[in-house]
Amino acid sequence: MRGPHNIWRLIRTGATLERTGAMGVVLDAFRAPPRLRFAARVLGWPFKWLGLKGDPSMPPATRALTALGPAYIKFGQVLSTRPDVVGDELAVQLRVLQDKLPPFSLDEARAMVESELGAPVDALFSEFSEPVAAASIAQVHRARMAESGAEVAVKILRPGIEKAFRKDIDAFYFAASIIEFLSPASRRLRPTEVITHFDGVVQGELDLRLEAAAAGEYAANTASDEGFLVPRANFNMSSRRVMVMDWAEGTPFGEVEAIGAAGHDRQALGERVLQLFLRHALNDGYFHADMHQGNLKVSPSGDIIAYDFGIMGRLDAYTRRVYAEILMGFIRKDYRRVAEVHFEAGYVPADRDIDEFAQALRAVGEPIFGMDASQISMGRLLNYLFEVTERFGMETRTELILLQRTMVVVEGVARTMHPQINIWKVAQPVVEAYIRQQVGPAAVLKDLGQTAMVLARFGPKLPGTVERLLSAQSSERAPEPENRWPKRAALLAIGGLLASNAWLLWLNLG
């Protein structure tokens, strides 16, 4: 229920930050101005006694987020990849949220497996370990299949996680409605739609059958990617709350020093993870949207292994081209073209001045490109770009939220592996290759061919359509001028069908 009772949840959030000592840590990390600090203290301190205590052994921010629940933990996971935003100390503290949370008991896990898969654990697995990783939504056990002897990872949802997430999401919906009511200007950002988008993503993550399907699709798309591996999902042993996959042996991406000590090239790994993400997003339109250190490993041979496919992102072909042209425009410092793409895509209202928008984009890009490589940040660009588009009336594009968030996360992952990485230099060859394939003359011919294929499907209907039109034209009186266009349009469509069939025949004969 998204009613006023959620006020309690929001008050308790602030109270928990105060009680755990996280309020000051968070305000310092985000360099909050004095006015915001004062308001946060005034609102949080009187209710401090209502806050959740959390685990006193944890650092303040981690303690507060784990006490508040899975949605807040997800937020902390994103921040853990951004030391440039929250500082190195807080980023390290938050990293335990990725896969080192307190697990639920082995007995509960075994009972869940037996209930979901309909057989005793000992009949399914010859070995079944204690939890080896525990995150906000599920935990993982290492096991060995009883029949084949293959090593597998068994992922199990936390008991009651669906209900816990529902409470958090409902509170977020309520907060969004309050923001829209109190600040009409915020409606341009469509906060409720943003929460709806997040809600859909989370619901997909809470059904492990969908994750198994996502893993299968992602593995098929990336099978030819050099230096990248996706474990195989076992569809016959996956259900809503339990999923079985091949075990992936490797060093977690967060253990940077261990990766270097094993002889792996950290700079190459940082560059590769960024380029892989861009290739998947642009070329496939299907990308891993939760690509933080806790979901990546480095195999003994140096391959990047990805797992945890609960949150995946999709982009249609048109949006991918728009995104690539925007990135390419910034890389080439062609701010006029970036502005044109925003207008062509309808991202900025047509009544705004394109030259003024291009000038504002230059003000965004030039300071960033003047920075040292270690300071060049995609996150910083997105923040600046958000400010500019807000001024020019651009509405929040919900289809881009996941892409932008993941881009920021992947950038953070790449920087932990190679702090001096130049994001734009690494991205340029991938984006340029995509532009050549999808925006140049070859892409035009490909689009025409696809259009012709669609039109050709209507070929069997051509004789009947032509006969009906000619019969109607001969039996009726001449139509009024305003009624001629439907038939002319139909005849043009028929001509297009004939032309497309002829072209396809020529291509086949050639």
Side-chain angles (χ1 to χ4, degrees), residues 30-31 33 82 84-85 185-186 188-190 194 271 274-275 277-278 281-282 315 318-412 414-415 419-440 443:
F30 284 97
R31 298 177 288 276
R82 298 311 309 268
D84 58 320
V85 173
S186 71
R188 177 189 67 82
L189 304 177
R190 298 187 285 182
V194 171
E271 293 176 356
L274 180 63
Q275 290 185 336
F277 164 72
L278 287 172
L282 295 177
L315 294 174
Y318 179 72
T319 301
R320 280 143 56 190
R321 291 186 187 183
V322 169
Y323 183 67
E325 288 209 68
I326 290 173
L327 281 179
M328 200 66 230
F330 273 110
I331 289 172
R332 293 175 175 172
K333 301 185 182 182
D334 187 351
Y335 303 110
R336 172 74 185 193
R337 181 56 191 153
V338 176
E340 289 173 350
V341 172
H342 275 82
F343 276 81
E344 290 168 3
Y347 290 175
V348 176
D351 61 349
R352 303 306 168 100
D353 188 286
I354 190 170
D355 292 316
E356 288 185 9
F357 186 56
Q359 185 180 34
L361 292 173
R362 182 178 294 276
V364 171
E366 289 301 317
I368 293 176
F369 285 105
M371 294 176 180
D372 177 75
S374 63
Q375 297 175 300
I376 297 175
S377 168
M378 179 64 69
R380 193 187 303 270
L381 170 67
L382 292 175
N383 287 336
Y384 289 169
L385 188 59
F386 179 81
E387 294 176 8
V388 170
T389 54
E390 180 180 13
R391 202 178 85 203
F392 282 84
M394 176 177 168
E395 293 187 344
T396 299
R397 309 297 303 188
T398 53
E399 72 272 19
L400 293 178
I401 291 174
L402 207 54
L403 176 70
Q404 292 173 344
R405 185 190 80 87
T406 310
M407 186 72 208
V408 172
V409 171
V410 172
E411 179 195 339
R415 284 196 188 284
Q420 299 299 320
I421 191 170
N422 186 320
I423 300 298
W424 297 108
K425 185 176 180 181
V426 174
Q428 185 167 354
V430 178
V431 179
E432 284 183 339
Y434 175 81
I435 292 289
R436 284 195 300 270
Q437 295 172 2
Q438 301 294 332
V439 184

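Side chains included, hydrogens not; waters and symmetry mates left out as well; all remaining heavy atoms used. In this chain, numbering begins with 1 at the start of the sequence shown.
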**Q** Between atom CG of Asp355 and atom OH of Tyr335, what is the distance when rounded to the nearest 0.5 Å?
**A**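 Separation between the atoms: 16.0 Å.
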
**Q** Do Phe357 and Arg352 come within less than 4.5 Å of each other through their side chains, counting heavy atoms only?
**A**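 No, their side chains stay 4.5 Å or more apart.
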
**Q** Can you give me the closest heavy-atom contact between Leu278 and Ala427, atom names plus distance?
**A**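 Between these two residues, the closest heavy atoms are CD1-CB, 3.5 Å.
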
**Q** With rounding to the nearest 0.5 Å, note down the distance linking CG in Asp334 to CD in Glu340.
**A**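 Spacing of CG (Asp334) from CD (Glu340) equals 7.5 Å.
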
**Q** Between Leu315 and Arg321, is any pair of side-chain heavy atoms under 4.5 Å apart?
**A** no

**Q** If we only count heavy atoms from C-beta on, is the Leu361 to Phe330 side-chain gap below 4.5 Å?
**A**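 In contact.
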
**Q** Flag the pair Glu356 / Phe392 as yes when at least one side-chain heavy-atom distance between them is below 4.5 Å, and no otherwise.
**A** yes

**Q** Return the CD1 to CE distance between Ile435 and Met328, rounded to the nearest 0.5 Å.
**A**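 So the gap between those two atoms works out to 7.0 Å.
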
**Q** Closer than 4.0 angstrom, basic N to acidic O: yes or no for Arg337 and Glu344?
**A** yes

**Q** Does the Gln275 side chain pair with the main chain of Val426, one donor and one acceptor, at a distance under 3.5 Å?
**A** yes

**Q** Nearest heavy-atom pair of Arg320 and Leu282: which atoms, and what distance?
**A**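 Distance-wise, the nearest heavy atoms are NE-O, 2.9 Å.
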
**Q** Is the shortest side-chain heavy-atom distance between Glu366 and Lys333 below 4.5 Å?
**A**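 With C-beta onward as the side chain, the pair touches.
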
**Q** Is the closest side-chain heavy-atom distance between Ile354 and Arg336 below 4.5 Å?
**A**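 The answer is yes, as the side chains (C-beta and beyond) meet within the 4.5 Å cut-off.
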
**Q** Taking all heavy atoms of Val338 and all of Ile326, pick out the closest pair and write down the distance.
**A**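 Taking Val338 first and Ile326 second, the nearest heavy atoms are CG2-O, 3.8 Å.
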
**Q** Counting only heavy atoms not in Gln359 (residues, nucleotides, ligands), do more than 12 fall under 6.0 Å from its CD?
**A** no

